[in-house]
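For reference, the structure discussed in these notes is given below.
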Amino acid sequence: MDLVRHFGIVLIIAVFSGTRANELQIDPLIYEEQLLWVGGGAGQVNTYRIPLLTFTTRGSLLAFSEARKFSYDDIGAKFIALRRSTDKGVTWSPTSFIVDDGSLADGLTLGSVVVDEETGAVILIYALCFHHYHCDPSSTMMVQSLDDGFTWSAPRNLSVELGVKSFAPGPGFGIQKRHPPAVGRLVVCGHGSITGDGVFCILSDDHGNTWRYGAELKSIPYNQRKNNLDFDPDECQPVELDDGSIVINVRNDKHYHCRCRMVARSLDGGESLPVEELVFDHTLEDSAVAAGALEKEGVLYFTNPASANSRVNLTLRWSLNLGKSWVKDTLKIWAGPSGYSCMTSLKGNETEDHKYIYVIFEKGQKDYFESISFVKVDLYSDQ
Ligand SMILES: *[C@@H]1O[C@H](CO)[C@@H](O)[C@H](O)[C@H]1NC(C)=O
Ligand SMILES: *[C@@H]1O[C@H](CO)[C@@H](O)[C@H](O)[C@H]1NC(C)=O
Ligand SMILES: *[C@@H]1O[C@H](CO)[C@@H](O)[C@H](O)[C@H]1NC(C)=O
């Protein structure tokens with residue numbers, strides 16, 4: 001009996017680890033696509049940009065974007081738009097505006113969404129007056145939902161504790177550390193103002209109640225005007241690997257060293273980003289844009305408009321060795337104009353959860369900022 005039970009357990013482990021993604025042939029295909037937001041139409045919004053996507057702990061999908069009221073410009077007044085899906089992206093709620101910055105000349109800048117797996121809270125961090133355009137100072141703001149994205153708190157001003165440095169989170173998702181060091185810590189990374197640029201991370205060890213600055217990788221020359229080819233780490237997406245390190249895929253804004261992505265790494269839970277760990281990933285050609293990164297079952301995924309010079313050809317790549325190299329096959333999600341992107345997936349045990357990743361991205365026919373599209377990607381389309 002004991003022996004049988006023992007063998008039963010061994011068998012279950014073998015079967016389970018046998019389904020690890022990297023032992024199956026990844027052969028991704030677009031399973032379905034839906035436009036979530038289209039700008040330029042009627043109503044209160046000129047342009048939707050900067051899409052974010054996350055699952056909640058209860059398995060709902062939340063899609064966020066900046067709803068720019070009067071123009072496609074980065075500055076200007078905005079709402080934060082939200083759509084919610086409780087059936088993994090098949091149907092979506094109508095848009096609700098969960099934050100309204102009124103008529104600010106230099107309104108809100110999205111943003112990072114981070115889900116606390118212990119409390120279930122969905123935390124959204126954004127900036128006000130990031131560009132210092134007809135306003136001062138810059139503020140780092142937070143709203144949160146404790147009911148699966150249904151209702152949202154009033155905005156809280158994190159600059160009271162963080163200071164008023166310009167900080168544009170993400171855009172993308174923040175992480176909660178799952179592996180040592182610093183299990184449970186919330187890590188939200190973003191970038192500084194144009195002169196004071198660089199990658200900066202803010203950290204919370206108490207589920208978002210208090211925040212402090214952690215790791216930084218400053219631009220050179222720091223606090224000075226940048227020229228083409230200067231070292232200017234900018235918009236970024238952190239991902240935690242199973243060894244507890246945090247890999248941050250970074251926009252190389254002034255094309256220092258290459259027209260490709262920078263990859264920074266923190267080995268101490270987001271406290272530091274040692275320059276010794278910084279690499280330039282020449283395979284990940286990039287025109288300087290915010291890109292998507294995701295780790296799922298030992299595979300690293302990456303999305304960007306895969307071109308050194310323009311925002312076209314939104315492409316999904318995958319790596320079976322955590323980014324040391326990338327599989328030659330790629331999935332072209334959209335050949336036309338395309339911009340920022342963000343990815344998410346479920347971590348559950350159901351077949352469905354292993355099979356799909358979900359991508360949101362800026363998509364257009366003539367300009368990349370015409371609409372925001374949601375794509376469900378079947379990773380194992382031939383199985
Ligand atoms: C946020 O707090 C900072 C520091 O106290 C303050 O200077 C800034 O005006 C506040 N921002 C908002 C939007 O209230
Ligand atoms: C986009 O992809 C197509 C087909 O793969 C390629 O011919 C084209 O050069 C790419 N465009 C850019 C700007 O890289
Ligand atoms: C998935 O299965 C593993 C092993 O049976 C278990 O430890 C884990 O809690 C499960 N995860 C979820 C999200 O159900």
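One-based numbering, in listed order, for ligands and for the atoms of each. Since this is a predicted model, take the numbers as computed values, not measurements. All residue numbers in this chain count up from 1 along the given sequence.
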- prompt: What do you reckon, are the aromatic ring centroids of Phe167 and Trp211 less than 6.0 Å apart?
  reply: no

SG-SG distance Cys129 to Cys135 under 2.5 Å: yes

- request: Please name all residues satisfying ring pair (Phe, Tyr, Trp, His ring centres under 6.0 Å) with Tyr31, sequence neighbours left out, ordered by chain then number.
  value: Tyr356

task: Name all residues meeting the ring pair (Phe, Tyr, Trp, His ring centres under 6.0 Å) criterion together with Tyr48; count only those two or more places apart in sequence or in a different chain, and write none if there are none.
output: Trp37

- request: Just say parallel, tilted or perpendicular for the rings of Phe64 and Trp152, cut-offs at 30° and 60°.
  value: perpendicular

task: Would you please classify the geometry between the Tyr256 ring and the Phe280 ring as parallel, tilted or perpendicular, with 30° and 60° separating the classes?
output: tilted

message: So, using side chain to side chain contact (heavy atoms under 4.5 Å, CB included) as the criterion, who are the partners of Glu235 when residues are at least two apart?
response: Pro171, His191, Arg251, Ala290, Tyr340

- request: Report, in ascending order of atom number, the atoms of ligand 1 lying under 4.0 Å from any heavy atom of Asn157.
  value: 1 (C), 2 (O), 3 (C), 8 (C), 10 (C), 11 (N), 12 (C), 14 (O)

- prompt: Which ligand 1 atoms, with their elements, are less than 4.0 angstrom from a heavy-atom of Ser139?
  reply: 1 (C), 8 (C), 10 (C), 11 (N), 12 (C), 13 (C)

For a distance cut-off of 3.5 Å, show me each N or O of ligand 2 paired with any protein N or O, plus the separation.
residue: ligand 2; atom: 2 (O); partner: Asn313; partner atom: OD1; Å: 3.3
residue: ligand 2; atom: 2 (O); partner: Asn313; partner atom: ND2; Å: 2.3
residue: ligand 2; atom: 2 (O); partner: Lys332; partner atom: NZ; Å: 2.5
residue: ligand 2; atom: 5 (O); partner: Lys332; partner atom: NZ; Å: 2.7
residue: ligand 2; atom: 11 (N); partner: Asn313; partner atom: ND2; Å: 3.0

field: Ser159 N/O under 3.5 Å from ligand 1 N/O
entry: no

